[in-house]
Amino acid sequence: MDQQIVLIPLVCTRCSTPIPAMADEMAWVCANCGQAMSLDEENGLIPQLIYYSDAISPNAVGKPYWVAEGQVQLQRTSYGSDKGQKQEAAHFWSQPRRFFIPAYQANLEQLLSQGIQYLISPPLLQEGPAARFAPATLDIRDVKSAAEFLVVAIEAGRPDKLKEIDFDLKLNPPVLWILP
Ligand SMILES: [Zn+2]
């Protein structure tokens, strides 16, 4: 089967400066005017808001995360005693949680450990000056499944023997934050 390859010229949406894009990258900042952009499958480059944490040290290279509020409705059952985990889980998910999905190149293990750590103790989001950041490679369309994966990992990691889990995650649209 013939495959059509369509090359989209990547130029800044504001000032038309060419964007040097590497394979797999999903978001860029124009070196000329500072406009932040992401790649949209249908529309090519589109303006993208990028927020920078004020906790990034001067001259340090930050890490991009997709950040989104999510509300989880969850039912879980355990083998044998649930050791109070049903209640713990109900309590943890009773409020909206902020999901931090690593957008930088991370393997599954890194995505899980960093994602869980920030889900349980979220970093403060206070805006600071723009900073350089590691390439953002995780597609925004993969954020929801990554967040669902974190929910499963948290529940499977509880000290009972998880038998079955059924949940629904309502996730707000993710935004890109650059964190230390
Ligand atoms: Zn520009």
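Any value given below was found using the heavy atoms of this structure, including those in side chains, with hydrogens, waters and symmetry copies removed. Just so we're clear, the structure is a prediction, and the values are computed from it rather than from any experiment. We count ligands from 1, going down the list as the structure has it; atoms in each ligand are counted the same way. Positions are given from 1, in the same order as the sequence printed here.
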In residues 128-156, what donor-acceptor pairs under 3.5 Å come from side-chain atoms, sequence neighbours left out?
unit_1	atom_1	unit_2	atom_2	d
Thr137	OG1	Ala103	O	3.4
Asp139	OD1	Arg141	N	2.9
Asp139	OD1	Arg141	NE	3.1
Asp139	OD2	Arg141	NE	3.4
Asp139	OD2	Arg141	NH2	2.6
Arg141	NH1	Glu41	OE1	3.2
Arg141	NH1	Glu41	OE2	3.3
Lys144	NZ	Leu169	O	3.2
Ser145	OG	Asp142	O	3.2
Glu155	OE1	Arg76	NE	2.6
Glu155	OE1	Arg158	NE	2.9
Glu155	OE2	Trp93	NE1	2.8
Glu155	OE2	Arg158	NE	3.2
Glu155	OE2	Arg158	NH2	3.3

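Within the structure, ring pair (Phe, Tyr, Trp, His ring centres under 6.0 Å) pairs that include any residue of residues 95-132 comprise Tyr65-Tyr104, Tyr65-Tyr118, Phe100-Tyr118 (at least two apart or interchain).
Closest non-hydrogen pair, Pro18 versus Pro20, comes out as O-CD, 3.6 Å.
The Zn ion (ligand 1) has Cys12 SG, Cys15 SG, Cys30 SG, Cys33 SG as its protein N, O or S neighbours under 2.8 Å.
Annotation: side chain to side chain contact (heavy atoms under 4.5 Å, CB included) contacts of Ala60 (sequence neighbours excluded): Ile56, Ser57.
Put simply, CD1 on Ile46 and OG on Ser38 are 4.0 Å apart, with the number rounded to the nearest 0.5 Å.
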message: side-chain contact (heavy atoms from CB on, under 4.5 Å) for Ile19 and Leu45? Distances and angles first, verdict last.
response: CA-CA 10 Å; Ile19 306 292; Leu45 273 188; 4.1 Å; yes
